[in-house]
Structures are given as C-alpha cells and as structure tokens.
There are 2 protein chains.
Amino acid sequence: MSVQERKERERAGRERLIVATARELAEQQGWDAVTTRRLAERIEYSQPVLYSHFRGKREIIGAVALEGAGEMAAAVRAAACSADGPRARVTALARAYLDFAERNPAVYDAMFQLDGGLAFAKEETPEPLKDAFAALLESLGEVAGDGVHPGLFTETFWAALHGLATLTRARRLPPEDTERRVELLVDRLAMV
Amino acid sequence: MSVQERKERERAGRERLIVATARELAEQQGWDAVTTRRLAERIEYSQPVLYSHFRGKREIIGAVALEGAGEMAAAVRAAACSADGPRARVTALARAYLDFAERNPAVYDAMFQLDGGLAFAKEETPEPLKDAFAALLESLGEVAGDGVHPGLFTETFWAALHGLATLTRARRLPPEDTERRVELLVDRLAMV
DNA sequence: CTCGAATGTCTAGCAGTGCTAGAATCGAAG
DNA sequence: CTTCGATTCTAGCACTGCTAGACATTCGAG
C-alpha cells in the first residue's frame, strides 16, 4: 500500500502549500487579494483543486488561523519564560502579543477578525485555539488578584490587548504611544 | 432660483435615504448584503445614482459611520449625565458604549471595523468622530489618575471596551460574563 | 502487454460583485 | 412647442466564490 501512502503524503503536502501560500499572499497584499484564482495560480493548480482540500475560502482562512494560534501561543510562552517575576512576565506577554499582531496582521485577522468557521470558547474549539488562550492564562492567571476568577481576568486583559492591536492597526489610534498604553494597562490591571 | 433650491433639497433628501437604507440593510442582513444593486433597488433608483452621491461603497460606509458617531456621542453623554460621581459615570459610560455596539453592530462596524475612507486621530478627522472621542474624554479624563495623560487614558480605556465589544460579538468571548468584565475593567483602570 | 475502471485534474461556466460609458429621457427656459 | 442641458438608466466590464461535466492519467485485472 506504499502507493496510497505516497499519494496521501503528496496530498498533505499540497494542503500545507495551499495554507502557506494563502497566508503569504494575505500578508503581502491583504486578505482581499487572496482570491481563489490567484491562490490557485500561485500553487500552480486550477481552482477546483482548492475545493478538494477545503470547503471554501472560509476554511482556508480557518486553517491559517489555526497555524497562527500555534505560533502565537509559542511566542507568548517564550516571552513569559524569559521574564522574571509575575509583573515582568505580564509586561513581556503584552508586548509579545502586540508584536505578533503587528508582524502578522493577516494571520491575526484570520484568528480574530475574519470568519474562519471556527468555534471559540466552546468544547468543540480546536486545540490550537484553546492552547493559545491557555498560554495567556498561564501568565495572567497569577496576577488576577484576590477574588477574581483567573479566566475572567485573562479574558478581560486579552480584550484590552485586542482592542489596542486592532484600533492601532486600523489607524484609529496613533501608533506612537502604544508602549505607554501597555504600561498603563499592566500597571492598573495586573495585581502585581 | 427656487427651482435649483428644490432640486438641492431633493438631492439632499435622497442622499439621506441612501445612507439610512444602507444602514438599515446592514443591520438587518450584515454589510455583505449591502450591495450596490440591492441598495439601488431599495431606494428605487438605478445603481449609477449611488455614484452621483458617493464615490463608491466605501464612502457610503463612511457616511453611516459619521451618523453613528453622532449617536454614540449622544448615548455616552446621556449615560454619563445620568450618573452621580466619577466612578458611577465611568461605569455608566462603559455600559452605554457596549450597549451601543451590541444594538447597532453594523454601525459599530462601519465606525471601527470597516474601511469608510475616514481619517482618525488626525486634524482632518471629521467633527462627529472627534466629538465621539471627546464624549469619552469628558468622563474618562477625570479618572485618569495622577501623572497620567487624560487622552492616553481615554485611548486605553476605549481600546479595552472596543476589545470587549468586538470579541464578544465575534463569539470569541462568551457573552454571559460581560457585566463582570466591565466591573473588573472599571475597578482596576479608573482611579476612582 | 492490454484494456476497462477509478481517480484525479482541468476547462468552462454560473450567478453574483463594484463600478462606468454612453444612450435615453426628462424638465426648464426661450 | 421646441431646444438644449441636466439627470437617469441600460448595458456592459472585469472581477468574485464556487461547481458541473469533460478530459487525462494511473491503476489493477486478465
């Protein structure tokens, strides 16, 4: 059955190629530029091939989102790990989060802005998404303060970061003072 | 020159009709359903008429955003006005903001999520947008705390609210605990 | 080695999008 | 009543996501 295995591998490889190409194209020219035709052309197949891997464009966005969630979790954990003490950890986490959003705007959009057909905050939520939230919880839970549920605190802190990330990138907030806003957020929200 | 004046009036009326219809359609079925054809059909004109009023769909979104900004400013001021003391004012403001976002999702999107071709946080920013921020600043500035710039504090608080609003509506956050998240935010961020 | 079947891929097309050139129509002034 | 300019519409472009059905390629049985 080695033949089937080979085909299986090739198929999986092509699927990765689709996701990687979609992500690349989205980062280069925005998600609007990721059309099925352009994507098909870049992977050097015809459009219908995309639909033999994914139900549609939405699912491709979802796949990029999952990939991004894994990376974000890793980035957040790395930042938290490299800092000493709860306070420094939270600051590092916040910076890492915003940095990720700024460096991977298309991936960030796929995760939190666009509809990738994924379930959030539920049981059927895909593992990478749960894990990304868990990565935040690990560092933020310990500074929630007395009588405040760690999960609730994490959600709130996350929402604040998300607001900063999106409003800044949408040019609703001037980018210069980002660092000061982060400091304010950490100062006030985290119970050192 | 009464003829020209009448035409002028009719034109202005039709423009308001376009904006109102676009808003209505967006609230009913989402912005994706607001196509130039559907919009034209609803106002009982052909599509090119839209382009004699607006450069394109983007500008229509922008017009809805401006309309919404005025209403949001009013809602925020009304809430702040009906509360006694800085602390209660901030809580009322936060609730009013999230309430506006929840009740007018399409308008909220037009303001902060979509591209309406408007400038933000600049000199050429349209008056209604400046005023909406000013409405926030009026109540939030007084609880910024010592040594914290009121504008910066307002931006940060606003970003947190925006994060809650968008993540909740995009089903990234479970809607049940919104009230508790708001309390946490006000408790920690506002220097009573 | 040949040949039917199954798998995989592509061509061509649908109904929809935002937007616009040029034809048709309307209304006001002479 | 006619003329002419402003207004509105018809028809069309190039694009979108998506899919049916034709085509090619590869596989396994004889």
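Source: prediction; values computed, not measured. Naming convention: chains lettered A, B, ... in sequence-line order (proteins, then strands); numbering from 1 in each chain.
Here C:dG18 is the nucleotide among D:dG17, C:dG18, C:dC10 with the atom lying nearest to any side-chain atom of B:Thr35. In this structure, the nucleotide among D:dC9, D:dG17, C:dG18 sitting nearest to the side chain of A:Thr36 is D:dG17. In the set D:dT8, D:dC18, D:dA20, D:dA20 carries the atom at the smallest distance from any side-chain atom of A:Pro48.
For A:Tyr51 and D:dG17, the OH to C1' distance is 5 Å, given to the nearest whole Å. Look at OH on B:Tyr45: it is 19 Å from P on D:dA6, rounded to the nearest Å. Atom P of nucleotide D:dT8 and atom CG of B:Leu50 are separated by 12 Å, given to the nearest angstrom. Here D:dC15 presents its C1' atom at 12 Å from CD of A:Gln47, a figure rounded to the nearest Å. Atom C1' of nucleotide D:dC18 and atom CD1 of A:Ile60 are separated by 12 Å, given to the nearest angstrom. Atom CD1 of A:Ile18 is separated from atom P of C:dT9 by 10 Å (rounded to the nearest Å). In this structure, the CG atom of A:Asp32 is 16 Å from the P atom of C:dT17, given to the nearest Å. Between the CD atom of A:Glu41 and the P atom of D:dG17 there is a distance of 13 Å, rounded to whole Å.
If you check every strand for non-hydrogen atoms under 4.0 Å, B:Arg11 touches nothing. Residue A:Arg14 is classed as a sugar-phosphate contact, given heavy-atom separations below 4.0 Å to backbone atoms only. Using a 4.0 Å heavy-atom cutoff across all strands shown, B:Arg58 reaches no nucleic acid atom at all. Across all strands shown, A:Ser46 has heavy atoms under 4.0 Å from base atoms, whether or not it also approaches the sugar-phosphate.
In terms of phosphate contacts, A:Arg37 brings a side-chain nitrogen or oxygen within less than 4.0 Å of OP1 or OP2 of D:dT16.
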Evaluate the criterion ring-ring contact (aromatic ring centres under 6.0 Å, His included) for residue pair A:Trp158 and A:Phe112; output intermediate values, then yes/no. CA-CA 12 Å; A:Trp158 170 37; A:Phe112 301 130; 5.4 Å; yes

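Ionic pairing of A:Asp109 and A:Arg169 is present here: one or more N-O contacts between side-chain nitrogen and carboxylate oxygen are shorter than 4.0 angstrom.
The CG atom of A:Leu136 sits 9.5 Å away from the CZ atom of A:Phe157 when rounded to the nearest 0.5 Å.
By the 6.0 Å and 45° rule, B:Arg172 stacks over the aromatic ring of A:Phe120.
With contacts defined as side-chain heavy-atom distances shorter than 4.5 Å, the pair B:Tyr108/B:Arg103 does not qualify.
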